[in-house]
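What you see is a predicted model, and the numbers here were worked out from it, not measured in a lab.
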Amino acid sequence: MPSFEPWDVVKVPFPYADRPVRQRRPALVVSAGDIQTNHSLVWVLMITSADNRGWPSDVAVSDLGTAGLPAPSLIRTAKIAVIDPRDAERLGSLTGADRSAVALRLIGHLDAVVGTSPENTPAAGAIPFTQTPE
């Protein structure tokens, strides 16, 4: 079974939220450790053409060659999917500055749920970042 690292750019059958079809497209691996090892799953973010209407939390890919992408692209941090690693093919990887931008957007998306930012108070019912659920 193929193994992927966080920040790998892969080609996967990405599911659509609004219709029962999948399209092979680039995506960014954002999972690590036990998600793939113990569960045979990979979490990915959608990568779309920069020609598409942008969303507020999109991140532009600055180095297309390293990422293995043929055209200007955006990482859509609000669209996450779970895929089987056997369906993925590695294209490249994301550079450091883009990684930081994506990580900040993901922290922003998850902060209200898990309270990842030490300066923020978790939302009611959130699991504090330093605790393990019972």
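A continuous path of Ile, Leu, Val, Met, Phe, Trp and Tyr side chains, each step under 4.5 Å between heavy atoms, connects Leu106 with Val82, placing both in one hydrophobic cluster. Cluster membership for Leu45 and Leu74, using ILVMFWY side-chain heavy atoms within less than 4.5 angstrom, is not shared.
Looking at Pro72 and Leu64, their side chains come closer than 4.5 Å, going by heavy atoms from C-beta outward. Put simply, the side chain of Leu94 does not reach to within 4.5 Å of the side chain of Val59, judged on heavy atoms. A heavy-atom distance below 4.5 Å is found between the side chains of Arg25 and Thr48.
The two residues Leu69 and Pro26 have their closest heavy-atom pair at CD2-CB, 3.6 Å. What you find for Ala27 and Ile47 is that their closest heavy atoms are C-CD1, 3.7 Å. Here the closest heavy-atom approach between residue Ser40 and residue Pro85 is recorded as O-CD, 3.1 Å. Minimum heavy-atom separation, Arg76 to Gly54: NH2-CA, 3.9 Å. Residues Pro2 and Ala88 share a closest heavy-atom pair of CG-O, 4.5 Å.
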### Query
Under the side chain to side chain contact (heavy atoms under 4.5 Å, CB included) criterion, do Ser93 and Arg99 qualify, and how do the steps go?
CA-CA 10 Å; Ser93 64; Arg99 291 176 184 189; 4.3 Å; yes

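Checking side-chain atoms of Gln36 against main-chain N and O of Glu5 turns up no donor-acceptor pair under 3.5 Å. Thr77 places a side-chain N or O within 3.5 Å of a backbone atom of Ser57 that can act as its donor or acceptor partner.
Summarising the geometry, atom CD1 belonging to Ile80 is positioned 7.5 Å from atom CG belonging to Leu110; distances are rounded to the nearest 0.5 Å. Summarising the geometry, atom CG belonging to Leu28 is positioned 15.5 Å from atom NZ belonging to Lys79; distances are rounded to the nearest 0.5 Å. Note: Ile75 CD1 to Arg105 CZ = 10.0 Å, rounded to the nearest 0.5 Å. Rounded to the nearest 0.5 angstrom, Asp58 CG and Arg53 CZ are separated by 9.5 Å.
With sequence neighbours left out, the side-chain hydrogen bond (donor to acceptor under 3.5 Å, both in side chains) criterion links Ser62 to Asp98.
Val10 belongs to a hydrophobic cluster whose remaining members, ordered by chain and number, are Phe4, Val12, Phe14, Val29, Val42, Val44, Met46, Ile83; membership requires side-chain heavy atoms of ILVMFWY residues under 4.5 Å apart, directly or through intermediates.
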